[in-house]
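Scroll down for the structure; my scribbles are underneath it.
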Amino acid sequence: MTRMDPIAEPLQLEQPEPEPQPVRHSLLARLRSLNPLFVAFVIVPTLIAGLYFGIFASDVYVSESRFIVRSPSKPNLSPLGVVLGGGSLVGASEESEAVTEFLGSRQALGAINQDGYATRAWGNSEIFLFDRFGVLGSDTGEDLFEYYLDKVMAEDSTTTMVTVLTVQSFNPQSAQVINRRLLEQSEVLVNELSDRARGDAIGFAEAELARARDQAQAAALALATFRDREGLIDPELQASAGLQMIGKLQDQLIAAQTQLLQLQTYTPQASQIPYLRTQIRNLEREIASQTSQLAGGRGSLSSASVRFQELALASEFAEKQLAIALSAYQEAQAEARRKQAYVERISQPSLPDDPAFPRRLRNILATFVLGLLAWGVVSMLLVGVREHRD
């Protein structure tokens, strides 16, 4: 038997398998191979955005309310317009604009932050450092107002006259409370504007009415005093009566003169002649006296009549002015009632149950896309510069 010699067979040595490279080294190698611009413009901003929006950023809740400022419409003076229009209500554009401007003012901020509620709602330590108010010592009144303008927005529609008030805060309750406080302060403002408008209109009319009443009373008192002092009621009536008396006396004088002439012609020795002569003298004296009273000197009825006419005309004019002032006062009261504006709430301040901001995934994707765009632009600029140098 033959034996196989193991030495005769070729020796086959096993080759050792290569050891696998660690994953960490492969990642580092890949990172080293990345473009530094891509890292700076895309990877780093996206990582920062992911950390901020994904972990650190505080939830923001939005409370919304809707209201309209109404006032009674001005009535149509035509009968048909009164029947068709009636007493409808319209939006008060001036007051609505005033409310919108007020909501963006420091006065509104001061009204809702009298007890420091807004400062606590926007600046408590539970909010992320870069989201809350008062970070890095920026806690002045001006800083708070700028922060307030970022969190409160009032938009009014020119077609529907509806104002939409939105308030952002870091918990639902504080957003609703701030919204409610702003809405209440808006109602206070509209009421103050209405009261001021009514007060201005009625106050001026009341002053004119009081002045006209004083003038009418003064004119009537002056006329009464003149009548008491002169003993006259109506100079025209008294002058008319005096003229009638003079006319009667003149008739009697003419009759006596005629009778005397007849007696002297036909019976010169008649005993009635002296009597007639005495009667004629008395009549002439009475006529002269009555005439002097009517149109004589300073104490005559004619001179008193001039002053009486002046006082009577002044009194009549004052009474007309009083009637005009009274009518203007009544119109001012009606106009004041038409200027009564008020805030009508369409929807109460909402209590949000889900944060509206930040939109985390959208913001991260937006940061990534903007980084890609920036990286592409910068890369193209650098390639252009290199080609220009070559």
Task: Heavy-atom pair with the smallest gap, counting every atom of Ser350 and Pro352 - done: O-CD, 3.4 Å

Can you give me every donor-acceptor pair (side chain of residues 211-223, partner residue at least two apart or in another chain, under 3.5 Å) with its distance?
unit_1 : atom_1 : unit_2 : atom_2 : d
Arg211 : NH2    : Glu208 : OE1    : 2.8

Task: ILVMFWY cluster, Leu361 and Phe368 together (side-chain gap under 4.5 Å) - done: no

Open item on the list: I need the Leu144 CG to Thr119 OG1 distance, nearest 0.5 Å.
Closed with: 4.5 Å

Open item on the list: Pair Glu146, Lys151 - check salt bridge (Lys or Arg N to Asp or Glu O under 4.0 Å), show working.
Closed with: CA-CA 9 Å; Glu146 294 179 359; Lys151 298 300 181 183; over 6 Å; no

Open item on the list: Run the side chain to side chain contact (heavy atoms under 4.5 Å, CB included) test on Arg66 and Thr163 for me, step by step, so that the C-alpha distance in whole Å, both residues' side-chain angles and the decisive distance to 0.1 Å come before the verdict.
Closed with: CA-CA 6 Å; Arg66 296 172 183 265; Thr163 302; over 6 Å; no

Open item on the list: For Phe170 and Trp122, I'd like to know if the aromatic rings sit close, meaning centre-to-centre distance below 6.0 Å.
Closed with: no

Open item on the list: If you compare all heavy atoms of Ala256 against all heavy atoms of Ile280, which two are closest, and at what distance to 0.1 Å?
Closed with: CB-CG1, 3.6 Å

Open item on the list: Just verifying a value: how many Å separate Gln330 CD and Leu209 CG, rounded to the nearest 0.5 Å?
Closed with: 9.0 Å

Task: Donor-acceptor contact below 3.5 Å, side chain Asn113 vs main chain Leu109 - done: no

Open item on the list: Quick check on Glu126: does its CD atom have over 12 non-hydrogen neighbours (other residues, nucleotides or ligands) under 6.0 Å away?
Closed with: no

Task: Ring-ring centroid check Phe145 Tyr147, cutoff 6.0 Å - done: no

TODO: For Ser174, enumerate each residue passing the side chain to side chain donor-acceptor pair (under 3.5 Å) test, keeping only those at least two apart in sequence or located in another chain.
DONE: Ser169, Asn171

TODO: Flag the pair Gln279 / Glu284 as yes when at least one side-chain heavy-atom distance between them is below 4.5 Å, and no otherwise.
DONE: no

Open item on the list: Is it the case that atom CZ in Phe204 sees more than 12 heavy atoms from other parts of the structure closer than 6.0 Å?
Closed with: no

Task: Side-chain touch Val385/Val383, heavy atoms, less than 4.5 angstrom - done: no

Task: Under 3.5 Å: donor-acceptor pair, side chain of Glu95, backbone of Val190 - done: no

Open item on the list: Looking at every non-hydrogen atom in both residues, tell me the closest pair between Ala108 and Tyr148 and how far apart they are.
Closed with: CB-OH, 3.7 Å

Open item on the list: Nearest 0.5 Å, please: how far is CZ in Arg120 from OG in Ser125?
Closed with: 13.0 Å

Task: Side chains of Asp131 and Tyr52, donor plus acceptor under 3.5 Å - done: yes

Task: Pairwise side-chain contact, Leu263 with Leu276, heavy-atom cut-off 4.5 Å (strictly under) - done: yes

TODO: Applying side chain to side chain donor-acceptor pair (under 3.5 Å), name anything that partners Ser379, two or more places apart in sequence or on another chain.
DONE: Trp375

Task: Residues which pass side chain to side chain donor-acceptor pair (under 3.5 Å) with Tyr329, listed by chain and number, not counting sequence neighbours - done: Glu206, Gln333

Task: hydrophobic_cluster_shared for Leu149 and Met153, side chain cutoff 4.5 Å - done: no

Got a list of side-chain donor-acceptor pairs under 3.5 Å for residues 182-189, not counting sequence neighbours?
unit_1 : atom_1 : unit_2 : atom_2 : d
Ser186 : OG     : Leu182 : O      : 2.9
Glu187 : OE2    : Arg345 : NE     : 2.9
Glu187 : OE2    : Arg345 : NH2    : 3.3

Task: Nearest atoms (heavy-atom pairs only) where Ile364 meets Gly50 - done: CD1-CA, 3.7 Å

- [ ] Give the minimum heavy-atom separation between Ser157 and Thr159, together with the two atoms involved.
- [x] OG-OG1, 2.9 Å

- [ ] Would you name the heavy atoms of Ala332 and Ile202 that are closest together and state the gap between them?
- [x] O-CG1, 4.1 Å

Open item on the list: Tell me whether Phe130 shares a hydrophobic cluster with Phe56, the cluster being built from Ile, Leu, Val, Met, Phe, Trp, Tyr side chains joined at under 4.5 Å.
Closed with: yes

- [ ] Answer yes or no: are there more than 12 heavy-atom neighbours, outside Glu310 itself, under 6.0 Å from its atom CD?
- [x] yes

Open item on the list: Taking the side chain as everything from C-beta on, heavy atoms only, tell me whether Thr140 gets closer than 4.5 Å to Asp143.
Closed with: yes

TODO: With rounding to the nearest 0.5 Å, note down the distance linking CG in Leu311 to OG1 in Thr225.
DONE: 9.0 Å

Task: Test item: Phe67 and Val343 side chains (from C-beta on) under 4.5 Å apart, heavy atoms - done: yes

TODO: Give the cluster check for Val377 versus Phe38: same hydrophobic cluster or not, with ILVMFWY residues linked at side-chain heavy-atom distances below 4.5 Å.
DONE: no

- [ ] Kindly write out the residues that satisfy side-chain contact (heavy atoms from CB on, under 4.5 Å) with Arg181, not counting sequence neighbours, or none if the list is empty.
- [x] Ile112, Asp115, Tyr117, Val177

TODO: For Ser58 and Phe128, indicate whether the former's side chain and the latter's backbone hold a donor-acceptor pair under 3.5 Å.
DONE: yes

Open item on the list: Can you tell me how far apart CG (Leu365) and CZ (Arg359) are? Round to the nearest 0.5 Å.
Closed with: 13.5 Å

- [ ] Compute both the distance and the angle, then confirm whether Arg360 meets the cation-pi test with Phe53: under 6.0 Å from the six-membered ring centre, within 45 degrees of the axis.
- [x] no

Open item on the list: Membership question, hydrophobic clusters at under 4.5 Å side-chain separation (ILVMFWY): are Met380 and Leu372 in the same one?
Closed with: no

Open item on the list: Between Ile273 and Gln264, is the side chain to side chain contact (heavy atoms under 4.5 Å, CB included) condition met? List the steps.
Closed with: CA-CA 7 Å; Ile273 292 177; Gln264 288 178 347; 4.1 Å; yes

TODO: Output, in order, the C-alpha distance, side-chain angles, deciding distance and verdict of side chain to side chain contact (heavy atoms under 4.5 Å, CB included) for Val99 and Val69.
DONE: CA-CA 9 Å; Val99 169; Val69 181; 4.2 Å; yes

Open item on the list: Could you walk me through whether Asn191 and Ser194 satisfy the side-chain hydrogen bond (donor to acceptor under 3.5 Å, both in side chains) test, starting with their C-alpha distance in whole Å, then the side-chain angles of each, then the deciding distance to 0.1 Å, before giving a yes or no?
Closed with: CA-CA 5 Å; Asn191 293 334; Ser194 298; 5.5 Å; no

Open item on the list: Are the side chains of Ile68 and Ile346 in contact, using a 4.5 Å heavy-atom criterion?
Closed with: yes

- [ ] Walk me through it: do Glu64 and Leu165 pass the test side chain to side chain contact (heavy atoms under 4.5 Å, CB included)?
- [x] CA-CA 6 Å; Glu64 180 182 286; Leu165 175 62; over 6 Å; no

- [ ] Any chance you could measure Asn179, atom CG, to Leu351, atom CG, to the nearest 0.5 Å?
- [x] 11.0 Å

TODO: Check whether any side-chain heavy atom of Thr100 lies under 4.5 Å from a side-chain heavy atom of Glu97, and answer yes or no.
DONE: no

Task: Worked check of salt bridge (Lys or Arg N to Asp or Glu O under 4.0 Å) between Lys248 and Asp251 - done: CA-CA 5 Å; Lys248 291 179 180 180; Asp251 291 340; over 6 Å; no

Open item on the list: Any non-hydrogen side-chain atom of Phe102 less than 4.5 Å from a side-chain atom of Gln107?
Closed with: yes

